[in-house]
Visitor: 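Here it is, the structure, as structure tokens.
Sequence lines set the chain letters: A, B, ... in the order given, protein chains first and strands last, and positions in each chain run from 1. Just so it is clear, the structure is predicted and the values come from calculations on it, not from any experiment.
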Amino acid sequence: MPVTSEIMRPLIYAVLVGGAAAAVAAFWEIAFRGMMMPFLPGEWREEMGFAGETIQQIIFLFFAPLIIAIALFISSAVIHLMLILLGGTNRGYMATMRVNCYGETSSLAQMVPFAGYFFAVVWWVVLMIIGLAQVHRISHGKAAVAVLLPTVLCCGLCIGLIVLLISAGVFASLGLGGLR
Amino acid sequence: VTWRPAASEHRPLAFLWSLTALATPALLPWIAGAASHVPCLFRSLTGLSCPTCGGTRAAQALLAGRPLEAFLHNPALVLAGGLLVAGGLLAPIWVRLRGPVPDLGQPLPLAVRGLALAILAANWGWVILRSS
């Protein structure tokens with residue numbers, strides 16, 4: 001398989017996979033919101049505005065292929081910049097972009113209701129580390145730094161916090177540990 | 001860094017860059033509006049601004065027609081945004097003319113990487129100082 005040229009096929013693959021995953025994730029969100037709505041207090045229901053949110057989600061789905069392509073282009077640039085700074089670019093930007101496109105496979109995990117986003121993020125990180133290490137012929141540690149550092153500096157703490165809160169909630173509900 | 005004439009394999013990338021450049025001005029109002037309601041968690045937890053802090057304020061300043069103020073909020077981010085838009089508009093023409101493109105397939109010299117890192121660190125320092 002080529003690793004440096006021909007970006008079109010990986011990009012089409014990423015857009016198709018990412019678009020399908022986004023559609024299923026949106027379906028779950030709309031369905032669960034609809035199911036929850038009768039049990040919510042009146043003011044919450046007004047604030048959530050079911051119809052407005054649903055329309056927003058449908059508009060987002062319409063633009064999803066474009067958003068996915070742009071997000072892949074920019075995130076690949078950020079990761080490649082990190083690889084340049086770490087001295088880990090044994091192949092060009094196209095190679096990083098291809099890894100990122102195939103890493104979009106992880107978005108399929110979004111099809112799992114509730115915890116899908118969390119699984120998708122973890123899977124994406126794993127795929128990216130393995131892919132970048134193989135393609136650029138660098139260590140897994142260097143690939144991990146290139147993938148995780150931008151995330152940690154900008155929004156990784158957010159993910160970490162969410163994971164912490166979910167774990168704390170699960171442990172507390174099970175009555176384990178001192179997290180009550 | 002070695003340079004070589006642009007080839008047909010660069011066309012999809014140039015098109016994608018161009019698409020991103022055209023979408024960026026459309027995304028500015030969203031960044032300035034919706035994103036301003038999302039607090040920076042790095043800052044909330046550490047008390048320090050993150051390297052991309054000031055991006056929302058820069059977008060708001062750009063929309064209000066104050067580019068200098070936008071630049072001062074986060075110089076590297078605004079410059080990168082400017083390069084993204086300008087480069088994206090030129091990329092398809094450049095590839096069609098078979099202009100030289102850099103081959104970033106080898107590790108850059110340590111001095112160049114050190115300089116790039118120093119510039120990014122200085123920018124982060126500026127953002128922290130400005131917001132404190």
Visitor: Please flag which part of A:Ile74 lies under 4.5 Å from any non-hydrogen atom of chain B: side chain, backbone, both or neither.
Guide: side chain
Visitor: Name the region of A:Leu11, side chain, backbone, both or neither, that has any atom closer than 4.5 Å to a heavy atom of chain B.
Guide: side chain
Visitor: Between A:Asn90 and A:Ile138, is there a donor-acceptor pair closer than 3.5 Å when you use the side chain of the first and the backbone of the second?
Guide: no
Visitor: Do B:Asn74 and B:Thr52 pass the side-chain hydrogen bond (donor to acceptor under 3.5 Å, both in side chains) test, and can you show the C-alpha distance, the side-chain angles, and the key distance before you say yes or no?
Guide: CA-CA 7 Å; B:Asn74 192 322; B:Thr52 56; over 6 Å; no
Visitor: Keeping the roles fixed (side chain from B:Arg113, backbone from B:Leu108), state whether a donor-acceptor pair exists under 3.5 Å.
Guide: yes
Visitor: What residues of residues 12-20 of chain A sit under 4.5 Å from chain B when only non-hydrogen atoms are counted?
Guide: none
Visitor: Apply salt bridge (Lys or Arg N to Asp or Glu O under 4.0 Å) to A:Arg9 and B:Glu9, showing your working.
Guide: CA-CA 12 Å; A:Arg9 280 195 340 202; B:Glu9 69 187 47; over 6 Å; no
Visitor: With a 4.5 angstrom heavy-atom cut-off, could you sort out which part of B:Trp124 is near chain A: side chain, backbone, both or neither?
Guide: side chain
Visitor: Need one label for A:Leu66: side chain, backbone, both or neither, based on atoms under 4.5 Å from any heavy atom in chain B.
Guide: side chain
Visitor: Rounded to the nearest 0.5 Å, how far does OH of A:Tyr93 lie from CD1 of A:Ile84?
Guide: 11.0 Å
Visitor: I need the single residue from A:His136, A:Arg91, A:Met94 that forms a side-chain contact (heavy atoms from CB on, under 4.5 Å) with A:His80. Which is it?
Guide: A:His136
Visitor: Heavy-atom distance under 4.5 Å to chain A: side chain of B:Leu84, backbone, both or neither?
Guide: side chain
Visitor: Quick one: does B:Arg11's side chain have a donor or acceptor within less than 3.5 Å of a partner on B:Pro92's backbone?
Guide: no
Visitor: Looking at CD1 of A:Ile58 and CD1 of A:Ile30, how far apart are the two atoms once the value is rounded to the nearest 0.5 Å?
Guide: 5.5 Å
